[in-house]
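Owing to the predicted nature of the structure, the values given are computational and were not obtained by experimental measurement.
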Amino acid sequence: MASSREELIKEYRVNEILEAARRVIGRHGFEGTTIDRVAEEARIAKGTIYLYFPKGKVDLLHAAVFEGLRAIMAETHKLDRPQDPPLERVRHFVLGQFRILSSHQDFLKAFELDKSFVTFAPGDALGEKLRSLLSEYLDYAASILEAAARGGAIRPVDPKFAAFILSEMTTACLRRRLIGLADTPVEDDAEALLDLFLRGVQAAPCG
């Protein structure tokens, strides 16, 4: 019983530290995030962070990013509506992504604008862990597009390639908002992206 209580306390404290780390990352970026700043944000002693993250800043940053992405994935699964008609499911998925990403804006600002931290060098175990999670997200998006193609809602395409392109278009819209080039409602951005993704930019042939 004591062991279970200790595990719950540890889980709570780790989550508290990671949430504080993501807030600091959002304000200061990866380079500007320090153990001191995270400790101050979490209102705990600096030594407490090293108790749970003995390797220090790099270990903490990777954990914060990984858990942040896992939270986004969990929200994505929760909002999905497999029972919808295929094209409506695609629309709902894209709109959901805009809303989810916007709700994590501070964290994603650092993640999207500071690529120096998130690299995938061969043999880097932490980088491979992040890539595996991103691949899981893309596979999930691909399954939605594949179902739409099977239902005749979109033309047959390589679903994994299309999922990657859709993901890049979504994050590009997010970057556009983050650097102050747009302040329109997220729903407007989602509809504009869907129109471009589904229809393309080529004009319909005359006659």
- prompt: Rounded to the nearest 0.5 Å, what separation is found between the SG atom of Cys173 and the CG atom of Asp189?
  reply: 5.5 Å
query: Can you check whether Leu79's main-chain N or O pairs, donor with acceptor, with His92's side chain at less than 3.5 Å?
result: yes
query: So, Glu40 and Lys46, do they make that salt bridge, N to O below 4.0 Å?
result: no
statement: Separation between CZ (Arg89) and CG (Asp80), nearest 0.5 Å, reads 4.0 Å
- request: Provide the closest heavy-atom pair for Pro159 versus Glu146 in the form atom of the first, atom of the second, distance.
  value: CB-CB, 4.1 Å
- line: In terms of heavy-atom contacts, Leu87 and Ile154 come closest through CD1-CG2, 4.2 Å
query: Side chain of Ser167, backbone of Ala163: donor and acceptor closer than 3.5 Å?
result: no
message: Would you say that Arg22 contacts Glu67 through its side chain, given a criterion of any heavy-atom pair below 4.5 Å between the two side chains?
response: yes
message: One thing to verify: whether Glu191 and Arg91 come together as a salt bridge, which I'm taking to mean a side-chain N less than 4.0 angstrom from a carboxylate O.
response: yes
- request: Taking all heavy atoms of Tyr50 and all of Gly56, pick out the closest pair and write down the distance.
  value: CE2-CA, 3.7 Å
task: Report yes if the side chains of Gln97 and Tyr137 come closer than 4.5 Å at any heavy-atom pair, otherwise no.
output: yes
message: With clusters defined by side-chain heavy atoms of hydrophobic residues (ILVMFWY) lying less than 4.5 Å apart, directly or transitively, does Ile72 cluster with Leu95?
response: no
statement: When every non-hydrogen atom of Ala39 is compared with those of Ile49, the smallest separation belongs to N-CD1, 3.5 Å
task: Evaluate the side-chain proximity of Ile165 to Glu168: yes if any heavy-atom separation is below 4.5 Å, no if none is.
output: no
query: Just wondering, do Leu18 and Phe66 contact through their side chains at under 4.5 Å, heavy atoms?
result: no
message: Tell me whether Lys78 is salt-bridged to Glu75, with the criterion being a basic N under 4.0 Å from an acidic carboxylate O.
response: no
message: Could you measure the distance from the CG atom of Asp139 to the NZ atom of Lys160? Nearest 0.5 Å is fine.
response: 4.5 Å
- request: Verify, without hydrogens or angle tests, whether Ser132 (side chain) and Glu128 (backbone) share a donor-acceptor contact under 3.5 angstrom.
  value: no
- prompt: Is there a side-chain contact between Val94 and Phe197 (heavy atoms, below 4.5 Å)?
  reply: no
field: Crowding at CZ, Arg27 (>12 non-hydrogen neighbours, <6.0 Å)
entry: yes
statement: d(Leu196 CG, Met169 CE) to nearest 0.5 Å is 4.0 Å
task: To the nearest 0.5 angstrom, please state how far the CZ atom of Phe93 sits from the CD1 atom of Ile144.
output: 4.5 Å
message: Between Arg177 and Asp183, does any side-chain N to carboxylate O distance fall below 4.0 Å?
response: no
- prompt: Taking the side chain from Thr171 and the backbone from Leu174, do they hold a donor-acceptor pair closer than 3.5 Å?
  reply: no
Val186 versus Ser102, closest heavy-atom pair with distance: CG1-OG, 3.0 Å
message: Could you check whether any side-chain heavy atom of His77 comes within less than 4.5 Å of a side-chain heavy atom of Tyr140, counting everything from C-beta outward?
response: yes
- request: Check the pair Ile17 / Leu60 against side chain to side chain contact (heavy atoms under 4.5 Å, CB included), numbers first and verdict last.
  value: CA-CA 9 Å; Ile17 292 170; Leu60 174 60; 3.7 Å; yes
message: Could you check whether any side-chain N or O of Thr170 sits under 3.5 Å from a backbone N or O of Leu166, counting only pairs where one atom can act as donor and the other as acceptor?
response: yes
query: Donor-acceptor pair, Lys57 side chain versus Thr33 backbone, under 3.5 Å?
result: yes
task: With the side chain counted from C-beta on, respond yes when Val90 and Leu194 share a heavy-atom pair under 4.5 Å apart, and no when they do not.
output: yes
- prompt: Nearest 0.5 Å, what's the CG-CG distance between Leu69 and Leu134?
  reply: 6.0 Å
- prompt: Any donor and acceptor pair, going by atom type alone, linking the side chain of Arg176 with main-chain N or O of Ala182 inside 3.5 Å?
  reply: no
- request: Please report the closest heavy-atom contact between Arg23 and Glu41, naming both atoms and the distance.
  value: NE-OE2, 2.7 Å
